[in-house]
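For reference, the structure discussed in these notes is given below.
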Amino acid sequence: IKASHSALWDLDLTTGQIYLSHGWSPFRDGEVKPTYTTLKELSELVPEEERPMLNAAIVAAMKGENASVYKVTHQVRKLDGNYIWVKSEGKVTERDHSGRALRMTGINRDITDLKQAEDKIKVQIEQITQSNIQLLETNRKLEHTQNQLLQSEKMASIGQLAAGVAHEINNPIGYVNSNFGT
């Protein structure tokens, strides 16, 4: 668990209390120790715009949707105010006789490095896409210029041919014309 940069969690749905294993504290740059907190307190560590997604995933798992599995990727605020990316996966592990969810257990993984690598890849893809667009435009201009050059060469060839034909016609006419009097 330590080597995987993960933390186990256990949520008591009847009380809202959550146990987080020793791996949780390093996520937030704190002292390595198990943590007991509440769902509400944990929710406050997540950016406000991501909270509805987390709540919907918990409710869906509690209702038995997706085989009672909870799987989300979200950010968590560290003690210094910066955010890390966490992939949280869990499952309802206990229900009462009527099917009401009582407990969920799972694991949180710090995937910040992965997200940063994804962001770098996205930037590189955007740069490559822009380069491709520029290359396509340059290629289009080159083809246009090549076609113009080909047209110019054709016109020059036609001009030379016309000059040659005119020369071949003018020579006999000139000969006849100059000797007409004779």
Side-chain angles (χ1 to χ4, degrees), residues 1-95 99-143:
I1 300 270
K2 285 182 183 180
S4 69
H5 303 284
S6 301
L8 297 174
W9 55 267
D10 183 58
L11 168 59
D12 183 341
L13 293 165
T14 60
T15 64
Q17 293 289 313
I18 299 176
Y19 164 79
L20 296 156
S21 71
H22 292 78
W24 177 253
S25 299
F27 282 13
R28 300 198 61 225
D29 294 329
E31 178 185 338
V32 177
K33 61 179 173 130
T35 303
Y36 292 91
T37 187
T38 65
L39 192 55
K40 184 178 184 310
E41 288 173 352
L42 272 182
S43 178
E44 291 172 3
L45 299 177
V46 175
E48 195 168 328
E49 62 273 10
E50 294 180 2
R51 292 175 192 170
M53 170 194 57
L54 292 172
N55 291 335
I58 289 172
V59 170
M62 290 170 58
K63 289 181 177 180
E65 297 172 14
N66 304 323
S68 298
V69 171
Y70 168 82
K71 188 183 283 191
V72 292
T73 300
H74 59 90
Q75 297 178 79
V76 172
R77 188 178 61 251
K78 296 179 6 174
L79 294 174
D80 64 6
N82 291 320
Y83 284 87
I84 61 167
W85 283 95
V86 173
K87 181 169 186 125
S88 184
E89 297 179 81
K91 184 173 181 150
V92 173
T93 55
E94 186 179 343
R95 294 184 180 277
R100 183 173 152 249
L102 300 175
R103 181 172 300 282
M104 288 179 70
T105 302
I107 191 167
N108 287 335
R109 269 185 239 112
D110 181 352
I111 60 166
T112 304
D113 292 341
L114 178 64
K115 279 293 200 178
Q116 290 171 344
E118 283 178 4
D119 291 344
K120 285 179 184 176
I121 289 170
K122 285 178 185 175
V123 167
Q124 289 173 342
I125 287 171
E126 182 60 33
Q127 289 171 344
I128 290 169
T129 302
Q130 291 302 319
S131 294
N132 279 345
I133 290 169
Q134 289 173 347
L135 285 173
L136 288 171
E137 180 62 23
T138 302
N139 191 34
R140 188 192 62 73
K141 288 177 181 177
L142 183 61
E143 285 176 356

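Heavy atoms only: backbone and side chains are in, while hydrogens, waters and symmetry mates are out. A quick note: this is a predicted structure, and the numbers were derived from the prediction, not measured.
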Start with the C-alpha gap between Glu89 and Val69, add the side-chain angles, then the distance that decides, and say whether side chain to side chain contact (heavy atoms under 4.5 Å, CB included) holds.
CA-CA 7 Å; Glu89 297 179 81; Val69 171; 6.0 Å; no

What verdict does the side chain to side chain contact (heavy atoms under 4.5 Å, CB included) test give for Met104 and Thr93, after you've listed the backbone C-alpha separation in whole Å, the side-chain angles of each residue and the deciding distance to 0.1 Å?
CA-CA 5 Å; Met104 288 179 70; Thr93 55; 5.8 Å; no

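No donor-acceptor pair under 3.5 Å is formed between the side chain of Arg103 and the backbone N or O of Asp10. At distances below 3.5 Å, at least one donor-acceptor pair connects side-chain atoms of Glu50 with backbone N or O atoms of Gln75.
For the pair Leu42/Trp24, a side-chain contact is recorded, criterion being any heavy-atom separation below 4.5 Å from C-beta on. At a threshold of 4.5 Å between non-hydrogen side-chain atoms, the residues Leu39 and Ile18 count as touching.
Here the shortest heavy-atom pairing between Ala7 and Gly23 reads CB-C, 3.5 Å. Of all non-hydrogen atoms in Arg95 and Leu102, the two that sit nearest each other are C-CD1, 3.8 Å. Across all their heavy atoms, Ala61 and Val92 have their closest contact at O-CG2, 3.3 Å. Nearest approach of Thr73 to Lys87, heavy atoms of both residues: OG1-CG, 4.0 Å. Across all non-hydrogen atoms, the minimal contact from Thr14 to Arg100 is CG2-NH2, 3.9 Å.
Residue pairs meeting the ring-ring contact (aromatic ring centres under 6.0 Å, His included) criterion with at least one member in residues 100-139, sequence neighbours excluded, do not occur. Applying the ring-ring contact (aromatic ring centres under 6.0 Å, His included) definition to pairs two or more places apart or across chains, those involving residues 35-85 are Trp9-Tyr70, Tyr19-Tyr36. Legend: salt bridge (charged side-chain N to carboxylate O under 4.0 Å, His left out) pairs involving residues 119-143, not counting sequence neighbours, sorted by first then second residue: Glu137-Arg140.
Atom CG of Asn82 sits about 10.0 Å away from atom OG1 of Thr112, to the nearest 0.5 Å. Taking CD1 of Ile58 as the start and CE of Met53 as the end, the distance is 10.5 Å to the nearest 0.5 Å. Taken from NZ in Lys63 to OG in Ser68, the straight-line distance is 12.5 Å, to the nearest 0.5 Å. If you take CG on Leu11 and CG on Leu20, they are separated by 9.5 Å, rounding to the nearest 0.5 Å. Rounding to the nearest 0.5 Å gives a distance of 13.0 Å between NZ of Lys115 and CD1 of Ile84.
No option in Ile121, Val123, Ile128 other than Ile121 meets the side-chain contact (heavy atoms from CB on, under 4.5 Å) test with Ile125.
Counted within 6.0 Å of CD on Glu48, heavy atoms from surrounding residues, nucleotides or ligands total 12 or fewer; the atom is thus considered open.
Residues passing the side-chain hydrogen bond (donor to acceptor under 3.5 Å, both in side chains) test with Lys78 are Asp29, sequence neighbours excluded. When the side-chain hydrogen bond (donor to acceptor under 3.5 Å, both in side chains) test is applied to Asn55, no partner is found at least two apart in sequence or on another chain. Remark: Arg77 engages no residue in a salt bridge (charged side-chain N to carboxylate O under 4.0 Å, His left out) (not counting sequence neighbours).
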